[in-house]
Amino acid sequence: GLEPQTHQRAGFGQSRCATAPPPPGCFHRNWNLSVVPQISFHSDTGRLRGVTLAVFQVGDREDSNLYISVKLKAAAEIGINANHLRLPKSATEDEVLRSIMVVNENPAIHGLIVQLPLDSVNRIDTEKVTNAVAPEKDVDGLTSINAGKLARGDLGNCFIPCTPNGCMELIRQTGVSVAGKKAVVIGRSKIVGAPMHDLLLWNHATVTTCHSKTVDLAAEVSMADILVVGAGKAEMVKGEWVKQGAVVIDCGINHIPDSTKSNGKRVVGDVHYASARERAGFITPVPGGVGPMTVAMLMQNTVQSAKRFLQMHQGGKWNISYTKLNLQTPVAVIPDLGFLWDIVISRSCPPKPIDQLAREVGLLSDEVEMYGKTKAKVQLSVIKRLEGHSDGKYVVVTGITPTPLGEGKSTTTVGLVQAMGAHLNLNAFACVRQPSQGPTFGIKGGAAGGGYSQVIPMEEFNLHLTGDIHAITAANNLVAAAIDARVFHEATQSDKALFSRLVPLSGGQRKFSPIQLNRLKRLGIEKVDPNTLTEEEVTRFVRLDIDPESITWQRVMDTNDRFLRKLTIGQSSTEKGFTRTTQFDISVASEIMAVLALTSSLEDMRSRLARMVVATSRSGKPITTEDLGVSGALTVLMRDAIKPNLMQTLEGTPVFVHAGPFANIAHGNSSILADKIALKLVGPDGFVVTEAGFGADIGMEKFFNIKCRYSGLRPHVVVLVATVRALKMHGGGPTVTAGLTLPKEYTEENLELLEKGCCNLRKQVQNAMAFGVPVVVAVNAFKTDTDAELDLVCRLAKSAGAFDAVHCSHWAKGGAGAVALGQAVQKAAEAPSDFKFLYDVELPIVDKIRIIAQKIYGADDVELLPEAQHKVELYTKQGFGNLPICMAKTHLSLSHDSEKKGVPTGFILPIRDIRASVGAGFLYPLVGTVSALAKGCERHWQTSSLPRRQI
């Protein structure tokens, strides 16, 4: 027999074999947990770290509770985190299946067992529930998939049911070789008999399975070298049946009457132990034999599940499939299609189902809201789930001062992410803005990238997407309607009538809403009963006294419609002559868009929406949406828009498309929420690449000073995009006209002109370095560029202080054309950095404006015109002086004059006016002359004067 071990594992107690010399062939039950492998999950204390088991129970059966307590105790003893999940007896099958699905998708849980039977008052299909467990978490080994793999002998890629697996471990402990032995299994249940047969067979035993229809069971048993019994019939196998020296494993648990016991019964197995142990070479006692070993195998399976999970997600790597591009070389425009060539490429690579991509990057199904097959919204709950995870590396893509020739920042953003993901095997996520339909339907077109570096499907991306811009339009116009309605009603009604409208009778009583109570507190009125307000307090409460001339809030629509740039409202006879001149802006210029991009949570968005200033009272006090009583309604309208949109690139890498503020009137960056979620999903070795609008002097400066200030995130690398053609224009190249053939200066080698234009590149590199972040210059190559031109730009970029400079061909080659860029970004992300803001927000407003003008634009100084000076005094008085600055100026020059290319010097920056986006959280000075869109803007939007707020 086996000698007992001298040590003991806590949690199982002592068997009879531990308190006295064991009878011949008795297994010692305290050995069982020693089979749990000592793998990498062990800490210095010898306990398992990070391995989690979930035990799922329906109802409250006493026997189930006992079994579960044993499992939980065993898990605790070796350091496995064990969660007991219980549904009440009233649970339905659908509720059970949904609960299992949640556990399936939780990467923090490595093993799931469903405690049977399911104790519910409702009919539940046990087989369906059992098979709902994800096979990779089915540590009980009971799903059809695991059973099928076992039956086919695929033992290394499945979970073996715990009791048969424990039996095999007990047999191995005897030292008896299974190969070639005659084995008999009594019972054919899915839990013990059938898998036991398969296990013995694939360990090369000759196996006979016996059951209730077997003829002459005693004769079959007498030939067994190895006997495993799981029939569920008390002491059915007699000792005289057992072959001399056989290994006997008794899996039965039965209760028989016993007057000597306090409860009147005792537990016995399926084998008559007293007689069988006289003949068996080895035999398991009941209780104390197979039972504890079953629990030990459950622990081992759980550890194995966690080990497989780590191997599959080694170093946090996604288990993601990438799409192979069907490149056409050379890439050429099809004459009959013209600019539609990008959409032909877009459709050449069918996108993966978006739910598949969501799973690949670690999102759970209840965190994803499907919008068709190619796009989805992501719930903000993922932030809470991943809050303990480390962030990835943060990269911002910007560019030189833009020209009508284009630099390709969006294309480079997509190409870089495709290179890092599909070609460098890194977790890589792009975060980009949603485009406005104004530019989309103009010459500029969409913003999905281009060539073989696109977000797809580009039609979905460029048009309605999931309706976020429409939600902003609705919310914005609700505010506009509320403003004019309030002005009208205050002008035509008495205080009493206004009060009755604002606080109407309901059930014979008046009651303030929460928003109204907040307004009362701001007015210094500490009352909650509407009937207790004095006449003076009623007047203060009901009258905002908006000065119509001070209204800054405009209506919006997401289409360029020049005839709505200036109009008169209130001309209907019902408005009683209360007319005023106003205008429509484009939807993405709404402050609500900026709020969406800068918010950090639903609560934060609610607060920001409430703080938006829409006008001033005649006494000079700011009027907010909270004063209008619509901030809650705005939050409801924006409740879905706050969730980032998940899409993909041509090569199947993930993209968040969220928010789309312009980079002139607003800060020109995608949402903080999208960046934060993506940084958690990629893990510490992954990369999140986001894009800042226009040139480094505009979008990048605002990315650092506004977005990073509010998000708390710190970027690792700046990628500065340049093109040979655009740099030639900055060197003094001729003017280009949209739709006409380019002058030869841009299509033929001209190193002298190019070198002159690199002054703009040098200045923008210096601008980026002013924030203490390494800069990598990406030279976006065109087919007309020569090697000498590309090399010249790279050399001059490095001499300007760039960490590295590489030329890229991702438009023509997809991610493969940006591999060198990806490698340079990787190296730069490891370089020392010292991120810092350009200015302290506590500085006076004028000082902050001057710092930006001098350090970023190269201006000698700033000049505030009278209206701007008045606003400085007003906003300082109103408490808005400590907000960051969002300069609204032309993107086509470092100066305020769009005609001045290169690096203008010796200029004074004129500040015509200053406006406040208090909800978004910045002041935006208007630089130069603010005018309507320039003639011909509908043909090419980049030729307009700025700020481009109107439609």
Side-chain angles (χ1 to χ4, degrees), residues 398 400-402 663-668 692 694-706 709 730 732 757 759-772 800-801 836-878 880-917 922-931 945-949:
T398 185
I400 60 172
T401 302
N664 40 41
I665 203 71
H667 65 292
F694 296 137
D697 58 307
I698 302 283
M700 184 201 71
E701 181 269 317
K702 296 172 183 178
F703 171 82
F704 288 135
N705 282 322
I706 298 176
R709 199 183 296 270
H730 283 295
C759 63
N760 185 271
L761 172 65
R762 184 182 306 110
K763 174 58 176 170
Q764 298 291 30
V765 169
Q766 292 169 355
N767 282 342
M769 293 175 62
F771 293 90
K836 53 185 175 292
F837 297 119
L838 193 66
Y839 55 80
D840 185 341
V841 290
E842 298 300 328
L843 289 173
I845 295 173
V846 177
D847 289 355
K848 289 181 285 191
I849 294 172
R850 182 176 289 111
I851 288 171
I852 296 172
Q854 293 179 334
K855 291 190 176 181
I856 301 299
Y857 306 152
D860 287 348
D861 203 350
V862 296
E863 178 187 10
L864 270 66
L865 301 184
E867 183 61 25
Q869 187 60 52
H870 167 68
K871 292 293 181 62
V872 168
E873 296 167 2
L874 175 65
Y875 294 147
T876 301
K877 180 181 178 182
Q878 291 179 339
F880 305 144
N882 62 348
L883 293 176
I885 301 298
C886 182
M887 300 289 279
K889 78 170 191 70
T890 178
H891 57 293
L892 297 174
S893 173
L894 284 163
S895 74
H896 58 284
D897 185 348
S898 62
E899 299 301 318
K900 292 184 178 180
K901 306 301 179 185
V903 182
T905 57
F907 64 94
I908 304 295
L909 195 73
I911 309 299
R912 176 180 178 270
D913 194 2
I914 302 175
R915 296 177 184 170
S917 288
F922 52 74
L923 302 176
Y924 59 97
L926 306 181
V927 179
T929 302
V930 180
S931 63
S945 299
L946 290 180
R948 183 182 179 275
R949 183 182 179 111

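Quantities reported herein were computed from a predicted structural model and do not represent experimental measurements. In this chain, residues are counted from 1 in sequence order.
- Summarising the geometry, atom CG belonging to Leu843 is positioned 11.5 Å from atom CD1 belonging to Ile849; distances are rounded to the nearest 0.5 Å.
- A donor-acceptor pair shorter than 3.5 Å cannot be found between the side chains of Glu899 and Ser893.
- Glu701 and Ile852 make their closest contact through OE2-CD1, 3.6 Å (heavy atoms, listed as atom of the first residue, atom of the second, distance).
- Using a 4.5 Å heavy-atom threshold, the side chains of Ile911 and Val927 count as touching.
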Passes side chain to side chain contact (heavy atoms under 4.5 Å, CB included), Gln764 versus Thr398? Steps please. CA-CA 9 Å; Gln764 298 291 30; Thr398 185; over 6 Å; no

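- The distance from atom CG of Leu923 to atom CG of Asn882, rounded to the nearest 0.5 Å, is 8.5 Å.
- Residue Ile851 holds its CD1 atom at 13.5 Å from CZ of Phe837, rounded to the nearest 0.5 Å.
- Residues Lys848 and Val841 come closest through the heavy atom pair NZ-O, 2.9 Å.
- No cation-pi contact links Arg709 to Phe771, judged by a cut-off of 6.0 Å to the six-membered ring centre and 45° from its axis.
- In summary, Asp697 and Lys889 engage in a salt bridge, as defined by a charged side-chain N under 4.0 Å from a carboxylate O.
- Distance alone, capped at 3.5 Å, is enough to place a donor-acceptor pair between the Gln854 side chain and the Asp860 backbone.
- Residues Asn760 and Leu894 meet the side-chain proximity criterion, which asks for heavy atoms closer than 4.5 Å.
- For the pair Phe704/Leu838, no side-chain contact is recorded, criterion being any heavy-atom separation below 4.5 Å from C-beta on.
- Side chain of Tyr875 to main chain of Leu883: no donor-acceptor pair is present (N/O by atom type, distance under 3.5 Å, no hydrogens or angles).
- No donor-acceptor pair closer than 3.5 Å links the side chain of Lys901 to the backbone N or O of Thr401.
- Atom CD of Gln869 is separated from atom CG of Leu864 by 5.5 Å, given to the nearest 0.5 angstrom.
- Expressed to the nearest 0.5 Å, how far CZ of Phe922 lies from CE of Met887 amounts to 13.0 Å.
- A heavy-atom distance below 4.5 Å is found between the side chains of Asp913 and Lys871.
- Separation of atoms CD1 (Ile914) and NE2 (His870) is listed at 11.0 Å; rounding is to 0.5 Å.
- At a threshold of 4.5 Å between non-hydrogen side-chain atoms, the residues Pro884 and Ile706 count as touching.
- Classification of the His891-Phe694 ring pair by plane angle, with boundaries at 30° and 60°, yields parallel.
- Side-chain N or O atoms of Lys702 include none that pairs as donor or acceptor with a backbone N or O of Ala692 at under 3.5 Å.
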